[in-house]
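FYI, side chains are in, hydrogens and waters are out, and symmetry mates aren't considered; it's all heavy atoms of this structure. Lettering of chains follows the sequences in order, A, B, ..., and the numbering in each one begins at 1. Note that the structure is predicted; figures quoted are calculated from it, not measured.
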Protein chains: 2
Amino acid sequence: MSPVTLKSIAKATGYSITTVSRALGGHTDVNEETRRRILQVAQEMGYQPNLVARQLRSQRTYTIGLISPSYMYSHEDDFFALLIKGIGRAAARHQYDLLLSSHLHGDDEMDAYRRIVGGNRVDGVIVARTYRDDPRIAYLKSLNHPFVVSGRNAPGLPNDFPFIDADSQLGIHMMVSHIVSQGYREIGLILPPDDLAFTGYRLAGYRDGLAEAGIDYHDEYVIYGDLTLESGYQAAKTLLARAPQLTAIIAANDLMALGAMRAVQEQGFHVGHDFAIGGFDNIPAGQHTSPSLTTVSQPIIEIGERLAEMLFQIIEGETPADNGLLIEPTLVIRASTNHAHNQP
Amino acid sequence: MSPVTLKSIAKATGYSITTVSRALGGHTDVNEETRRRILQVAQEMGYQPNLVARQLRSQRTYTIGLISPSYMYSHEDDFFALLIKGIGRAAARHQYDLLLSSHLHGDDEMDAYRRIVGGNRVDGVIVARTYRDDPRIAYLKSLNHPFVVSGRNAPGLPNDFPFIDADSQLGIHMMVSHIVSQGYREIGLILPPDDLAFTGYRLAGYRDGLAEAGIDYHDEYVIYGDLTLESGYQAAKTLLARAPQLTAIIAANDLMALGAMRAVQEQGFHVGHDFAIGGFDNIPAGQHTSPSLTTVSQPIIEIGERLAEMLFQIIEGETPADNGLLIEPTLVIRASTNHAHNQP
DNA sequence: GTTGACACCCAAAACGTTTTCAGTTATAAA
DNA sequence: TTTATAACTGAAAACGTTTTGGGTGTCAAC
């Protein structure tokens, strides 16, 4: 009835706790016959090692942590779900578990990090959704605790930590070039909040694209949203009121793009014919909208997998081959920017 | 440099480990002045309690577990992502963490349960995606370990465990009634694999609906898929070949419904006008398809939240008010079954 | 001047492992 | 026969907490 421990197996077999531990641990210095006996008794008694005790003694948890605000990774935001999927895959391969700590919206995120990391609950953490000069990264570096970052610092700031990020500057650049190639030249942009690190890259990519096409940049063509569909809708309405000559809008994520699409359609435009909409993320919903959404795709699941692999290497004390990895995104052209896609 | 522990604080303040522990733990039998001193020193030294040691000593982890195959909770299957979101919310409120253990596809799921549960890593677990007479449930019951179940046993079998499930029998029944009310009477059904517990309820709901409408049941109108979009596509093609008189298809989840929709459209049908398609789950993509998908909606996030709340109660030794909860799903009528929705 | 009550503090045990170090026996070499 | 070596085993320490079960000292009451 009471939990079966090394001690109880020791008592049952007549061997010491040490020997039982070594036998089960597969050490060489235990007689083959005694190991057989011990293994069998352990089996019969249904022994399961107490992982917490093992963690305490060995100072290893075989667990990695992901800390997230509780309102994220939802259908409003597939990003976390996909990242978790990739991480989970890699973790399963390496026999690690994933500790997911959600903190309430108002709470200080740093507290969660201090608790989990300082509390020795994980061997490493994955930091996602980076801010400009992210304090979480500073904290982890000061502790010299293994971590990897999904994302990176804002443009111009140092990236002296292991990270993987999509080259979203290039992604938006490709999007602009494509939209220009379709004949649209008055292009608006809906950006994420300014404290997110990647916002600067998306703006830079936009300017790159315009410059390449020889189009002037106008401040009033750019507006900030908060990544939700609703905010995309509002932003597009504001943008159109402010600059009615617009014939295209690029949003920094698909959700805002879908909101923008709705706003634009309400204004009587025929998206894909007289107006272009471009997104970023390639969320599943974008395939099924009408018109389907042209977007920039980043392989989030794969990024999650590679991040985890990278973290495992760091935990094991190896130096990962790529300490900062920029992934080239791909442009997925669909009907919202392209006549040819419109009638299948 | 070395980690700051109760011991180091004891040394620094001159008090014993016991007193430091009791001071930080908020016990009453320590002088207010000494507590102040200890708190301050702990603060200065940046003390973070070692949670693993605490867990070992107190035999409580303040962690709940969710074990899932690593291919699940993806954009192919929003279910897990949403469930995790709900669980995470509730967990954040109660200061619990979530341990997510993914195991590789081929591995025995029971091993993961034995490892996590037997290894004392969690105070309770949430079992999702139940099978008929699920061995995981039998295991947890035999151990008398706190757990709750998302789903329940197959029809006719006992549910002697705490669970929350959507009443999918009623859900499909409502769907059939609605489709019949739109004038369709030759209705096919695409079911999930037979070993999943809820398959029987969906079939029963289908038969209920037919019976109520006075329509005969035909075996050849029913086919099994594996919940993926691709399998829905194949299943629908088979169904149409087998019974060309069909004018409607209900799929047991949205993904298969979308696959079926594609197959039906390829055959030249005009879904929403001369053919009806119904799904189940209300995944976000269904809003944006063309035509948009009529579906049965279950509040997965809320179910996750309530499951977690229920589990916390059980862990705390209370008896939850609802030990088995059936949630009434809602029918979301969109264009794939309804003319009126077709031209907004 | 003893007694009780109270406030405060601490040594040691316990949680269940892993590992270090030393001990015991059998065997081979000298 | 002694000695060195190898093969196996075990006692005890350690990981960092919390809790048990006293201690000590002060003060009021008798």
Quick check for you: among [options], whose closest atom lies nearest to any side-chain atom of [X]?
X: Tyr15(A); options: dG10(D), dT17(C), dC15(D); value: dG10(D)
X: Thr5(A); options: dT17(D), dT9(D), dT17(C); value: dT17(C)
X: Val30(B); options: dC9(C), dT20(C), dT17(C); value: dC9(C)
X: Leu56(B); options: dT18(D), dG16(D), dT19(D); value: dG16(D)
X: Arg57(A); options: dA14(D), dC15(C), dT18(D); value: dA14(D)
X: Thr34(A); options: dT20(C), dT18(D), dT9(D); value: dT9(D)
X: Asp29(B); options: dT19(C), dC9(C), dT18(C); value: dC9(C)

Does [X] have a side-chain nitrogen or oxygen under 4.0 Å from the phosphate oxygens OP1 or OP2 of [N]?
X: Gln59(B); N: dA14(C); result: no
X: Thr18(B); N: dC9(C); result: no
X: Tyr47(A); N: dT17(C); result: yes
X: Gln55(B); N: dT18(D); result: no

Q.
Pair Leu307(A), Ile87(A) - check side chain to side chain contact (heavy atoms under 4.5 Å, CB included), show working.
A. CA-CA 7 Å; Leu307(A) 275 172; Ile87(A) 295 170; 5.5 Å; no
Q) Closer to the 5' end of DNA chain C via nearest nucleotide, is it Thr28(B) or Ala53(A)? A)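 On the 5' side of the pair lies Thr28(B).
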Touch check for [X], heavy atoms < 4.0 angstrom, all strands: base, sugar-phosphate only, or nothing?
X: Ser21(B); result: base
X: Asn31(B); result: sugar-phosphate
X: Asn50(B); result: sugar-phosphate

Distance, rounded to the nearest Å, where [X] contributes [atom1] and [N] contributes [atom2]:
X: Arg60(B); N: dC15(C); atom1: CZ; atom2: C1'; value: 15 Å
X: Ile9(B); N: dT18(D); atom1: CD1; atom2: P; value: 11 Å
X: Arg54(A); N: dC15(C); atom1: CZ; atom2: C1'; value: 16 Å
X: Leu24(B); N: dC10(C); atom1: CG; atom2: P; value: 14 Å
X: Leu51(B); N: dT18(D); atom1: CG; atom2: C1'; value: 14 Å
X: Leu6(B); N: dA14(C); atom1: CG; atom2: P; value: 19 Å
X: Tyr62(B); N: dT17(D); atom1: OH; atom2: C1'; value: 14 Å
X: Lys7(A); N: dG16(C); atom1: NZ; atom2: P; value: 8 Å

Q. Is there a donor N/O on one and an acceptor N/O on the other, under 3.5 Å, for the side chain of Ser16(B) and the base of dA11(C)?
A.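 Counting by modelled atom types and ignoring angles, no donor-acceptor contact under 3.5 Å is found here.
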Q. Any luck finding a side-chain donor-acceptor pair between Gln40(B) and Glu44(B) under 3.5 Å?
A. yes
(Q) Under a plain distance cut-off of 3.5 Å, with no hydrogens placed, do Asp133(A) and Asn153(A) share a side-chain donor-acceptor pair? (A) yes
Q: Determine, using ring centers only, whether Tyr113(A) and Tyr139(A) are less than 6.0 Å apart.
A: no
(Q) Under the criterion side chain to side chain contact (heavy atoms under 4.5 Å, CB included), I'd like the reasoning laid out for Tyr47(B) against Leu24(B): C-alpha separation, chi angles, the key distance, then a yes or no. (A) CA-CA 10 Å; Tyr47(B) 173 69; Leu24(B) 296 175; 3.7 Å; yes
Q: Look at Arg36(A) together with Glu33(A) and state whether they make a salt bridge at an N to O cut-off of under 4.0 Å.
A: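 Judged by the 4.0 Å cut-off on N to carboxylate O distance, Arg36(A) and Glu33(A) do form a salt bridge.
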